[in-house]
Number of protein chains: 2
Amino acid sequence: MDRLDRKILRLLQEDSTLAVADLAKKVGLSTTPCWRRIQKMEEDGVIRKRVALLDPAKINTKVTVFVSIRTNSHSTEWLKRFSEVIVEFPEVVEFYRMSGEVDYLLRVVVPDIAAYDAFYKRMIARIEIRDVSSAFAMEQIKYTTEMPLDYMMVDNQKSGEE
Amino acid sequence: MDRLDRKILRLLQEDSTLAVADLAKKVGLSTTPCWRRIQKMEEDGVIRKRVALLDPAKINTKVTVFVSIRTNSHSTEWLKRFSEVIVEFPEVVEFYRMSGEVDYLLRVVVPDIAAYDAFYKRMIARIEIRDVSSAFAMEQIKYTTEMPLDYMMVDNQKSGEE
DNA sequence: AAACAAAAGAAATTTAATTCCCTCATATAG
DNA sequence: CTATATGAGGGAATTAAATTTCTTTTGTTT
């Protein structure tokens with residue numbers, strides 16, 4: 001993994017429809033070696049998948065709610081079931097086990113407050129939860145699937161330029 | 001936008017490398033009309049973009065930190081500058097203006113605690129912030145870019161939007 | 001400097017995207 | 001009712017891109 005791979009990843013994180021030939025040109029390679037690098041990174045799992053991103057407003061899911069969940073030390077059994085139940089909801093797009101005050105944090109997307117309430121009722125109907133608190137996002141100022149590539153380990157340390 | 005469009009979106013949200021011909025077969029169409037539906041949804045902005053998703057572990061960004069920021073009513077100027085500064089950090093992958101106790105919420109991705117500390121120092125060096133608190137994710141139980149399609153309007157949406 | 005390995009590139013081939021043209025169903029005006 | 005526009009679907013040709021094959025370059029080791 002060198003600086004060319006990193007350049008390729010940067011571009012594919014922005015737009016994966018880019019033709020290999022065009023990508024190669026931007027990176028300063030010809031299509032074959034560029035294609036091979038992409039293949040390798042897919043085999044190695046560096047590139048996990050390629051997906052289409054939708055406009056939340058256009059599909060009626062413009063409201064994001066962060067749901068903080070506190071549990072006073074439940075059993076392992078409860079934890080397992082809790083995860084299974086939560087993961088199934090398509091409205092839950094992110095789900096973390098946290099350190100500190102909050103034990104679990106969910107990001108939930110819905111059309112509006114009413115839909116959130118409906119979701120909430122469905123959730124607590126499926127599993128008993130001690131303490132839940134919801135915080136609504138008023139505005140999504142940034143959302144990206146692009147990960148920083150600055151921390152990638154590079155064998156050939158030709159780091160620095162672009 | 002009908003149920004066929006929704007089927008197409010569901011599949012493309014999972015895997016956008018799917019060939020139009022295969023997609024068409026799964027949906028129950030031939031390639032031409034299927035292709036045209038995809039084109040239309042891209043023109044309409046329903047499909048925002050197509051991207052490659054990377055494996056966080058493989059690019060050394062497996063730690064997620066949620067950063068809660070409280071500000072005792074700052075000026076509009078400060079707000080503007082704050083947003084501009086924060087958005088520029090590639091480590092900040094999500095950034096919300098919130099209702100309630102917390103005013104802003106960031107999701108930050110870094111390799112480890114030390115790198116978070118370095119990020120934190122760089123951030124506060126660039127802008128004065130009243131109250132910051134950081135919560136570390138111990139585990140990412142779910143992360144998806146697939147939005148729920150259940151809330152999409154089903155009928156012929158002729159009503160002028162946009 | 002010879003020999004090898006690893007990466008790059010040109011050109012041919014295969015596969016998929018895109019266009020063109022036709023059919024069918026529905027709806028609407030004359 | 002009939003004629004005619006309209007919109008969606010489909011087959012087949014065309015164009016563009018992905019993939020493979022083969023050759024060349026580059027860098028390293030002995």
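So you know, we letter chains A, B, ... as the sequences are listed, proteins then strands, and number each from 1.
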5'-most by nearest nucleotide on DNA chain C - C34(A) or T31(A):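 Residue closer to the 5' terminus by nearest nucleotide: C34(A).
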Starting at atom [atom1] of [X], determine the distance to atom [atom2] of [N], rounded to an integer number of angstrom.
X: L29(B); N: dG11(D); atom1: CG; atom2: P; result: 11 Å
X: D2(A); N: dG27(D); atom1: CG; atom2: P; result: 14 Å
X: W35(A); N: dA12(C); atom1: CH2; atom2: P; result: 19 Å
X: Q39(A); N: dA18(D); atom1: CD; atom2: P; result: 11 Å
X: L18(A); N: dA16(D); atom1: CG; atom2: P; result: 17 Å
X: I38(A); N: dT19(D); atom1: CD1; atom2: C1'; result: 12 Å
X: K40(B); N: dT18(C); atom1: NZ; atom2: C1'; result: 19 Å
X: L23(A); N: dA8(C); atom1: CG; atom2: C1'; result: 15 Å

Determine whether a donor-acceptor pair (one donor, one acceptor, N or O, separation below 3.5 Å) exists between the side chain of [X] and the base of [N].
X: S30(B); N: dG11(D); result: no
X: T32(B); N: dT18(C); result: no
X: R36(A); N: dA8(C); result: yes

Parallel, tilted or perpendicular: ring planes of F119(B) versus Y116(B), cut at 30 and 60 degrees: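 Tilted, since the angle between the ring planes falls between 30° and 60°.
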F95(B) and Y104(B) aromatic ring geometry - parallel, tilted or perpendicular at 30°/60° bounds: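 Rings of Y104(B) and F95(B): tilted, 30 to 60°.
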Side-chain donor/acceptor of K142(B) to backbone N/O of V93(A), under 3.5 Å: no
Main-chain N/O of A24(B) paired to W35(B) side chain as donor or acceptor, under 3.5 Å: no
Among dG9(D), dT19(D), dA17(D), the nucleotide that comes nearest once only the side chain of A19(A) is considered: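 Of dG9(D), dT19(D), dA17(D), dA17(D) is nearest to the side chain of A19(A).
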Residue R37(B), side-chain heavy atoms: nucleotide from dT19(C), dA7(C), dA8(D) that is nearest: dA8(D)
P33(A) versus L29(A), closest heavy-atom pair with distance: CG-CD2, 4.1 Å
